[in-house]
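Throughout, protein chains are lettered first and strands after them, A, B, ... in sequence-line order, and every chain is numbered starting at 1. Remember, predicted model here, so these are calculated numbers, not experimental data.
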Amino acid sequence: MREVRVRFAPSPTGPLHLGGVRTALYNYLFARKSGGKFILRIEDTDQGRFVPGAEQYIIESLNWCGITFDEGVHLGGPYTPYRQSERKSLYRQYADQLVADGYAYYAFDTAEQLDQLRKEHEAKKQTFQYGPQTRQQLYNSLTIPAEKTAELLESGTPYVIRIRIPENETITVTDRIRGLVSVESSLLDDKVLFKSDGMPTYHLANVVDDYLMKISHVIRGEEWLPSAPLHVLLYRYLGWESSMPEFAHLPLLLKPDGNGKLSKRDGDRLGFPVFPLRWTDPFTSEVSSGYRESGYVPEAFINMLSLLGWHEESDKELFTMEELIDAFSIDRCSKSGAKFDPEKAKWFNHHYLSAKPVNELVKYLEELLKKEGISSASVNLERICELVRDRAVLIPDLLEQSRFFFIAPKSYDEKVVAKAWKAETPGILSGLAEVLQSVEVFEVPAIEEASKAYVADKGIGMGQLMNPFRLCLVGTSAGPGMFDIASVLGKEETLRRIQAGLNNIVI
RNA sequence: GGCCGGUUCGUCUAACGGUUAGGACGCCAGGUUUUCAUCCUGGUAAUAGGGGUUCGAUUCCCCUACCGGCUACCA
């Protein structure tokens, strides 16, 4: 059996989106599971679409996810360089070889001429295809004398090299997920392999590099399925068919509502990130939110993504990366597109966040406090994190749920005031203040004992006391238990807030 | 339009051709609780339609419908 070598091959045209991360993840899982190598190759053959920072963004994103490589543009390796623009000089010989063998030819038609043809055909509701049916009428080395071709080449006339698609052949691709996919060659077109700027197109470059880098499996998005037969043809024409990688085309990630491929717009529209990390467009300065900055933890992000297109036979849904590596298999990838569900992403995050050791939660909280310039010098953050951990879905919730510990309420929730603040309330709270004043050890057991005795003594319900009490200390009707809150706040602050409530809440 | 691919609860999905079609998210209800949330228990809800093949189709085949992808000197 041949050594497993898989690659993730993004083009640096912007931030990596969810679908791209999932493709990288599945490649990674497959490589690790089979003890193979995982390679990061940058496909930047389109210099016109190059976006500064995109490559670094891709590396950082996958790093945040815990997806690691064995070779790649950032690591080097035995097949360096791993950036196609730096491999430029390599591709030409293969294009030449194809021409020499009659599998490709020079085409001198200008982009404008072809655009024109497409428009004309479109006007007649037809599709223009540069292929077996039309190539004889076009301006290429198949239709002009050899001397003329030589002359054009000599004089520096711009040209491209196109594959010469065979006329009546059925081309079959074996896909690990979809089985046999076949297509009639007459429906394919003479795709450009080598551009007039001296760069190969994706089609040539990916085949050449996969061959040279000894890639064993190509796991990529379904959008590549239609061009897979072309790639098979290329392997055949280059004489590499026996070492052709296996293919697996992953189903697409779809937008949560309606239909269609998940896009950046959907995130803006529905309020969830579509990128792992925040991204600032270097040209427009437009900012797109990221999972990391929104407060997701990588474990949740990965677990959520892993289940979008793959599933074990069992009902198990919670997986660590190690467990994923152990469980993953290409054969259990599904064929149909998966709608992304932001709600489920939140559920995963709540699960992983609240399961974190408290010292990690403290670190998150400290960072949030620091960012807002809130002092936490004399506060037991560990205790606070324990009290709010179950209430936090995203990391920033750690602070949102505990803010009142650090900052006394400046206003009081009107609805709660209306509901909980009665005529007798001030009297009840004044009494409570007196009782608490005399509590020596201001900890939960003593506070609880004193409060309950007070309620019993007064002959009132717990709610009559606790709801207004909470309103004074928190400002609203949510949060951890009151005895916990009071003990964390301390006697002095608790009494101060009761007094503030008595002074400021009016009905 | 052409080609390729796909179709099980609202969503992600499970089910050697034989199951009361299972799980999870969401939603709803109940329980716990001084509030909110968590948590626990229960409930809701699906095999796109039509033909075959078969003793028996979610499962195999065909057709239709619908959805998606591709159709650049972009990847």
Side-chain angles (χ1 to χ4, degrees), chain A residues 9-13 43-46 48-49 107 109-111 114-115 118 122 125-130 158-162 173 175 177-178 181-184 187-189 191-197 199-203 205-206 220-229 249 251-252 254 256-261 304 307-318 332 334-348 350 354 388-393 397 401 416 419-420 448 451-452 455 461-467 469-471 474 476-483:
Chain A
S11 69
T13 53
E43 311 229 323
D44 55 349
T45 51
D46 185 356
R49 292 213 308 162
D109 320 82
T110 64
L114 295 176
D115 271 352
R118 285 199 185 86
E122 203 175 320
K125 293 234 189 273
Q126 291 172 335
T127 312
F128 170 72
Q129 206 176 250
Y130 205 124
Y159 65 93
V160 299
I161 296 175
R162 290 179 179 272
V173 181
D175 186 280
I177 296 174
R178 287 152 216 284
V181 177
S182 53
V183 65
E184 290 306 313
L187 274 351
L188 263 30
D189 54 354
K191 279 267 179 295
V192 172
L193 300 178
F194 203 84
K195 302 187 268 186
S196 58
D197 65 359
M199 276 287 201
T201 60
Y202 168 84
H203 302 295
N206 104 88
R220 83 239 282 199
E222 192 185 355
E223 68 268 29
W224 293 109
L225 194 51
S227 54
H249 290 93
L252 265 13
L254 275 18
D257 60 338
N259 299 105
K261 210 163 43 159
M304 175 272 293
L307 261 13
L308 255 29
W310 169 86
H311 202 281
E312 261 205 335
E313 185 173 338
S314 79
D315 289 335
K316 181 170 165 145
E317 298 219 85
L318 262 7
R332 287 200 63 85
S334 47
K335 297 182 175 79
S336 50
K339 282 186 188 172
F340 171 70
D341 179 3
E343 287 307 315
K344 192 141 184 181
K346 284 187 188 163
W347 177 82
F348 273 112
H350 175 259
S354 57
V388 301
R389 70 185 314 154
D390 286 340
R391 284 159 229 272
V393 173
D397 295 337
Q401 295 292 331
V416 181
K419 204 175 156 201
E448 180 167 0
S451 304
K452 284 187 173 163
V455 166
M462 276 294 259
Q464 280 177 276
L465 172 68
M466 298 312 246
N467 292 330
F469 185 27
R470 177 177 296 277
L471 194 56
V474 181
T476 185
S477 71
M482 284 312 299
F483 308 131

Identify whether any heavy atom of [X] sits under 4.0 Å from a base atom; if not, whether one sits that close to sugar-phosphate; answer base, sugar-phosphate or nothing.
{"X": "A:Ser477", "value": "base"}
{"X": "A:Gly463", "value": "nothing"}
{"X": "A:Pro256", "value": "nothing"}
{"X": "A:Glu313", "value": "sugar-phosphate"}
{"X": "A:Ser354", "value": "nothing"}
{"X": "A:Arg389", "value": "nothing"}
{"X": "A:Arg332", "value": "sugar-phosphate"}

Determine whether any donor atom in the side chain of [X] lies under 3.5 Å from an acceptor atom in the base of [N], or the reverse, and answer yes or no.
{"X": "A:Lys344", "N": "B:A24", "result": "yes"}
{"X": "A:Arg391", "N": "B:U38", "result": "no"}
{"X": "A:Thr127", "N": "B:G1", "result": "yes"}

> According to the interplanar angle, ranging from 0 to 90°, do the rings of A:His203 and A:Trp224 count as parallel (below 30°), tilted (30 to 60°) or perpendicular (above 60°)?
Replying inline: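 Rings of A:His203 and A:Trp224: perpendicular, over 60°.
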
> Between A:Asp341 and A:Lys344, is a salt bridge (charged side-chain N to carboxylate O under 4.0 Å, His left out) present by the stated rule, with each step listed?
Replying inline: CA-CA 6 Å; A:Asp341 179 3; A:Lys344 192 141 184 181; over 6 Å; no

Is atom [atom1] of [X] surrounded by more than 12 heavy atoms (other residues, nucleotides or ligands) closer than 6.0 Å?
{"X": "A:Lys335", "atom1": "NZ", "value": "no"}
{"X": "A:Gln126", "atom1": "CD", "value": "yes"}
{"X": "A:Lys419", "atom1": "NZ", "value": "no"}

Mind checking the [atom1] distance from [N] to [M]? Whole angstroms is fine.
{"N": "B:U71", "M": "B:U58", "atom1": "C1'", "value": "34 Å"}
{"N": "B:G49", "M": "B:U13", "atom1": "C1'", "value": "23 Å"}
{"N": "B:A45", "M": "B:U32", "atom1": "P", "value": "27 Å"}
{"N": "B:C62", "M": "B:A72", "atom1": "C1'", "value": "37 Å"}
{"N": "B:G50", "M": "B:A65", "atom1": "C1'", "value": "10 Å"}
{"N": "B:A46", "M": "B:A14", "atom1": "C1'", "value": "13 Å"}
{"N": "B:U44", "M": "B:A37", "atom1": "C1'", "value": "23 Å"}
{"N": "B:G6", "M": "B:U47", "atom1": "C1'", "value": "15 Å"}

Please check the phosphate of [N] (OP1 and OP2 only) for any side-chain N or O of [X] closer than 4.0 Å.
{"X": "A:Lys339", "N": "B:C25", "result": "no"}
{"X": "A:Arg118", "N": "B:A72", "result": "yes"}
{"X": "A:Lys419", "N": "B:U35", "result": "no"}
{"X": "A:Arg49", "N": "B:C73", "result": "no"}
{"X": "A:Lys346", "N": "B:G26", "result": "no"}
{"X": "A:Ser334", "N": "B:U13", "result": "yes"}

> Are the side chains of A:Ser11 and A:Asp46 in touch, meaning some heavy atoms are under 4.5 Å apart?
Replying inline: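 No, their side chains stay 4.5 Å or more apart.
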
> Of the candidate nucleotides B:C70, B:U34, B:A15, which contains the atom at the shortest distance from the side chain of A:Met462?
Replying inline: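 Given the options B:C70, B:U34, B:A15, the side chain of A:Met462 is closest to B:U34.
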
>> Quick check: on RNA chain B, is the nucleotide nearest A:Ala392 upstream (toward 5') of the one nearest A:His203, or the reverse? Name the residue that is more 5'.
In response: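 Residue closer to the 5' terminus by nearest nucleotide: A:Ala392.
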
> Toward the 5' end of RNA chain B, which comes first, A:Glu223 or A:Val160, by nearest nucleotide?
Replying inline: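 It is A:Glu223, whose closest nucleotide lies nearer the 5' terminus.
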
